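Here the structure is laid out as structure tokens; the discussion comes afterwards.
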Amino acid sequence: MRLPPSRQSRAGPAGRAAHGPPCRSETGQAADVAAELRYQAETWDRPRRVILVVKEREGDLLLDRFFLVTSLPWTTKLRHEVLAHYRERGKAEGHMGELKDVLAPALSSTNRAKTHWRGKKPKSHTPAVDAFAYNEVRLLIACLAYQVMHIARRAMASATGTGWSLRRLRERVLRAGARLLISGRRMTLALSAAAAPFWSVLWQQLMALHWADP
């Protein structure tokens, strides 16, 4: 978010921190530098608290920066606490967006029975249901499936040393061709050659987990 200059903007002593030393901590690691100011756009009824965050990315020539416009008062949360708060919120929103994108729970918006389907009357009518209860069950099942996939995703990331999205996990690991061989004493699941290497490392990671007691 880029804020244009305004006569109503006023940077206090914290605002000068952005012009200080580079974003390096005492240990030499890259660190965030937060500066605080008050800003009022032309369409705003009052000035608001704005936090400028400057961060250094490895390999980049220029510093990265972004602004946070918040209604949280400084008496409640300091600038670094506000930054941590919005990062946690963004992380939660990212998980929810990933759940909706990959699992796509089919939630109903009405409890009325359908009288028409694609412009035609159906041959049979279904009775009305409690849409809220149905949505609750579907969402709980989707959250449970997301948690299981998230565990598998973290296990694959630990085994391969690379990041895994849920979509990549679904397409390359879970959605795999297989053949079930049944003999007199055992059943053997033969996976496709493309998915077998992933399952070999994933299964070792899953067996090493310590599951909590029920």
Side-chain angles (χ1 to χ4, degrees), residues 1-3 14-15 17-18 22-39 41 48-107 109 132 135-175 198 201-202 204-206 208-212:
M1 175 179 177
R2 184 181 297 274
L3 296 178
C23 305
R24 289 286 174 177
S25 62
E26 296 179 356
T27 59
Q29 300 294 327
D32 297 340
V33 174
E36 191 169 332
L37 54 93
R38 301 282 292 179
Y39 177 81
R48 298 184 183 275
R49 184 185 183 189
V50 180
I51 299 176
L52 166 64
V53 182
V54 182
K55 59 190 305 183
E56 183 179 9
R57 296 184 182 275
E58 185 177 357
D60 289 354
L61 178 62
L62 302 177
L63 298 178
D64 189 15
R65 78 280 183 196
F66 61 90
F67 294 89
L68 287 176
V69 181
T70 179
S71 59
L72 295 173
W74 65 270
T75 54
T76 303
K77 289 183 180 294
L78 300 178
R79 65 189 101 165
H80 291 289
E81 294 174 339
V82 172
L83 177 60
H85 170 77
Y86 279 103
R87 280 178 170 167
E88 289 294 328
R89 175 179 173 179
K91 183 178 180 180
E93 291 177 352
H95 284 300
M96 181 58 66
E98 194 176 38
L99 184 149
K100 294 171 63 178
D101 177 58
V102 177
L103 297 176
L107 304 181
S109 59
F132 185 85
N135 288 342
E136 181 182 9
V137 173
R138 291 190 182 103
L139 190 57
L140 287 175
I141 294 176
C143 289
L144 180 61
Y146 180 87
Q147 186 63 33
V148 173
M149 293 181 66
H150 182 62
I151 294 174
R153 180 245 302 270
R154 289 177 59 90
M156 286 298 299
S158 175
T160 61
T162 59
W164 281 74
S165 64
L166 286 194
R167 182 172 294 277
R168 182 188 179 193
L169 178 73
R170 185 187 67 179
E171 298 297 330
R172 303 191 64 179
V173 180
L174 300 181
R175 185 176 290 179
F198 296 120
V201 296
L202 175 61
Q204 295 178 5
Q205 293 288 327
L206 294 178
L209 295 177
H210 298 282
W211 304 97

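It should be emphasised that the depicted structure is a prediction, and the values quoted were computed from it without experimental measurement. By convention here, the first residue in the shown sequence is residue 1. Any value given below was found using the heavy atoms of this structure, including those in side chains, with hydrogens, waters and symmetry copies removed.
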Give the intermediate values and the outcome of side chain to side chain contact (heavy atoms under 4.5 Å, CB included) for residues Leu52 and Tyr39. CA-CA 11 Å; Leu52 166 64; Tyr39 177 81; over 6 Å; no
Quick check for you: to the nearest 0.5 Å, what is the distance between Met96 atom CE and Asp101 atom CG? 13.0 Å
If you count heavy atoms of other groups shown closer than 6.0 angstrom to NZ of Lys77, is the number above 12? yes
Begin from the C-alpha positions of Leu209 and Ile151 and carry the test side chain to side chain contact (heavy atoms under 4.5 Å, CB included) through to its verdict. CA-CA 10 Å; Leu209 295 177; Ile151 294 174; 3.7 Å; yes
Does Met156 offer a backbone N or O that forms a donor-acceptor pair with the side chain of Thr160 under 3.5 Å? yes
Nearest heavy atoms of Ala106 and Arg138, plus distance in Å: O-CD, 3.0 Å
Note: Val82 and Arg49 closest approach over all heavy atoms is CG2-NH1, 3.8 Å
What are the two closest heavy atoms between Ala142 and Leu99, and how far apart are they? O-CD1, 4.1 Å
Ignoring hydrogens, what is the shortest heavy-atom contact between Leu139 and Leu107? Give both atom names and the distance. N-CD2, 4.4 Å
Please determine whether a side-chain nitrogen of the Lys or Arg among Lys55 and Asp64 lies less than 4.0 Å from a carboxylate oxygen of the Asp or Glu. no
Using 0.5 Å steps for rounding, measure from the CZ atom of Arg170 to the CZ atom of Arg175. 4.5 Å
Roughly how far, to the nearest 0.5 Å, is the CD1 atom of Ile51 from the CH2 atom of Trp74? 13.0 Å
My understanding is that only residues two or more places apart in sequence, or in another chain, count here; which of them pass side chain to side chain donor-acceptor pair (under 3.5 Å) with His80? none
Looking at Arg153 and Glu98, does any basic side-chain N land under 4.0 Å from a carboxylate oxygen? yes
Working note: Leu68 + Val50, criterion side chain to side chain contact (heavy atoms under 4.5 Å, CB included); need CA distance, chi angles, decisive distance, verdict. CA-CA 6 Å; Leu68 287 176; Val50 180; over 6 Å; no
Identify the two heavy atoms, one from Leu169 and one from Ala152, that lie closest to each other, and give their separation to 0.1 Å. CD2-CB, 3.9 Å
Output all residues satisfying side chain to side chain contact (heavy atoms under 4.5 Å, CB included) with Leu61, sequence neighbours left out; order by chain, then residue number. none
Is it true that a side-chain atom of Gln205 and a backbone atom of Leu202 form a donor plus acceptor pair closer than 3.5 Å? no
Measure the spacing between CZ of Arg172 and CH2 of Trp164 and express it to the nearest 0.5 Å. 5.5 Å
Under 6.0 Å from the CZ atom of Arg154, do we count more than 12 heavy atoms belonging to anything else shown? no
